[in-house]
Amino acid sequence: MSLERFREIRREVHEDEVINLNPIQRGGVLTPAARRALVEFGDGYSICDRCPPKTPRLDMIERPPVKSFYEELAKFLGLDVARVVTRCREAMFIALYMLGDRGGYVVLDSLAHYSTYLAVELARMKVKEVPNTGYPEFRVEVEKYKEKIEEVIDETGDPPVAAVLTHVDSYYGNLADAKAVGEICKRYGVPFILNAAYTAGVMPVNGKELGVDVLVSSGHKSWAASAPTGILAMTEEMAQRILKTSEIKGDLTGRSFPVKELGLLGCTVMGAPLATLIASFPDVVERVKRWSEELEKARHFASEMEKIEGTRLLGVKPKMHTLMHFESMGFYKVSQSHKRRGFFLYDELKKRKIYGIQPGLTKHFKLNTYGLSWDQVRYVASAFKEIAEKYGLEVV
Ligand SMILES: *Cc1c(COP(=O)(O)O)cnc(C)c1O
């Protein structure tokens, strides 16, 4: 295996003039500062040269300023304590594992990412799902967190380990009412975990205002950082439980590690990915202030797409996020008689240097306009309309 072959696809979608609409890729594009940091901190444990000998732990390192970065990160999210872990899903797993016991229930929304279900499963817990309204809005019925928490109490005599809400889901890009869930959780004394993989880092999110106890997010998805980076932020009260330190003692040697945070297995991201997250942070703090313009672009784009015969935006309207899911009976109709079937749409977009729509899909496809310029948004919209017209679909 040569590196050349490894790079092929990446280069295709990474050329300057190419537009990549893949929903997971938009918020993870590095800033120039992060790209430099990636090279500078590329060697192994590059963060660890000045690890304090009395408290040897990643979050205690002051040169480079990991400690103060974690403090600023927590503040930015309206919470008390923050740690960087490898992924959003790992942050979720750590929180659940440290908060509950085997066999406990986790109440979660029915649009949760698969990795949330797997985190529950690996923590040896069970799920209780909160329904959504189904086609075409797929709105999570947040008021039902109340009855689902009560169901768990009735069934087991205990409250659930936690309630998890996906702030913006990865299927429809719906923004859920976190504050409403926060209020319900507070009433029942259930820890509220907000999955902000698609929100924190691109739009303003304040944990305290939303009544959140734990917030998890994804650096490579929404913070202009390299993979793997995840964010685990929480209140002081939650930190007592989630960041509990080690108590084990060697039976022969008596060795112990009371400084190490157990759920993190001591240290987490000790090199380049953390450096990229830190390098991009000042830009991220600024870019969330421009969220309303991102929404304007997304709404403009959606309305242009809906001019294409048989094409509609699914999910709650108006868009409150830049991730969009379209249903297109128009492009589907074209695919039925095209020799390339559903791949025609991918081919046509590729010719116009637009990537990121899953090859083969026409009836349903997702995209994300986050971070595109107005010119790029208009170019992509006119590309879709041009393709539609080419195959005889009506464009109003
Ligand atoms: C993308 C996504 C994840 C996974 O994030 P990782 O950092 O890759 O673990 C989890 N939850 C939601 C809602 C997501 O959209």
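Computed over heavy atoms, backbone and side chain alike; hydrogens, waters and symmetry mates excluded. Ligands are counted one by one from 1 in listed order, and the atoms in each one are counted from 1 as well.
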Undergrad: Heavy-atom contact under 4.0 Å between Thr166 and ligand 1?
TA: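 Per 4.0 Å heavy-atom rule, Thr166 contacts ligand 1.
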Undergrad: Should the proximity of Arg89 to ligand 1, defined as any heavy atom under 4.0 Å, be assigned to the side chain, the backbone, both, or neither?
TA: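 Contact part for Arg89 vs ligand 1: both backbone and side chain.
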Undergrad: Looking only at heavy atoms, is any part of Ser170 under 4.0 Å from ligand 1, and if so is it the side chain, the backbone, or both, or is it neither?
TA: side chain
Undergrad: Below the 3.5 angstrom mark, is there an N/O of Glu90, backbone or side chain, next to an N/O of ligand 1?
TA: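 Min N/O separation from ligand 1 is not below 3.5 Å for Glu90.
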Undergrad: Should the heavy atoms of other residues, nucleotides or ligands under 6.0 Å from OH of Tyr97 be counted, would the total exceed 12?
TA: no
Undergrad: Just wondering, more than 12 heavy atoms not from Leu252 lying within 6.0 Å of its CG?
TA: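 It does not: Leu252 CG has 12 such atoms or fewer within range.
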Undergrad: I'd like to check which ligand 1 atoms, numbered from 1 as shown, lie under 4.0 Å from a non-hydrogen atom of Ala197.
TA: 2 (C), 11 (N), 12 (C), 14 (C), 15 (O)
Undergrad: Check this for me: Arg187, atom CZ, are more than 12 non-hydrogen atoms of other residues, nucleotides or ligands nearer than 6.0 Å?
TA: yes
Undergrad: Near Tyr198, which atoms of ligand 1 are under 4.0 Å from a heavy atom of that residue?
TA: 15 (O)
Undergrad: Report, in ascending order of atom number, the atoms of ligand 1 lying under 4.0 Å from any heavy atom of Ser115.
TA: 10 (C)
Undergrad: So do the side chains of Glu386 and Arg352 get within less than 4.5 Å of each other, counting heavy atoms only?
TA: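 Sidechains of Arg352 and Glu386: in contact.
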Undergrad: Counting only heavy atoms not in Arg102, do more than 12 sit closer than 6.0 Å to its CZ atom?
TA: no
Undergrad: Does His220 reach ligand 1 with a nitrogen or oxygen that is under 3.5 Å from one of the ligand's nitrogen or oxygen atoms?
TA: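 By distance alone, the answer is yes.
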Undergrad: Classify the ring geometry between Phe365 and Phe331 as parallel (under 30°), tilted (30 to 60°) or perpendicular (over 60°).
TA: tilted
Undergrad: Give me the nearest non-hydrogen protein atom to atom 5 (O) of ligand 1 as residue plus atom name, then the distance to 0.1 Å.
TA: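 Going atom by atom, the protein heavy atom closest to atom 5 (O) of ligand 1 ends up being Cys88 CB, 3.4 Å.
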Undergrad: May I ask you to list the atoms of ligand 1 that are less than 4.0 angstrom from any heavy atom of Lys221?
TA: 1 (C), 2 (C), 3 (C), 14 (C), 15 (O)
Undergrad: Quick test of your reading: applying side chain to side chain donor-acceptor pair (under 3.5 Å), list the pairs with at least one residue in residues 33-46, sequence neighbours left out, ordered by first then second residue.
TA: none
Undergrad: Listing request: all side chain to side chain donor-acceptor pair (under 3.5 Å) pairs with a residue in residues 356-366, at least two apart in sequence or in separate chains.
TA: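 For residues 356-366: His325-His364.
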Undergrad: State the atoms of ligand 1, each with its element, that fall below the 4.0 Å cut-off from a heavy-atom position in Asn195.
TA: 10 (C), 11 (N), 12 (C), 13 (C)
Undergrad: Should Ser218 be counted as touching ligand 1, given the test is an N or O pair under 3.5 Å?
TA: yes
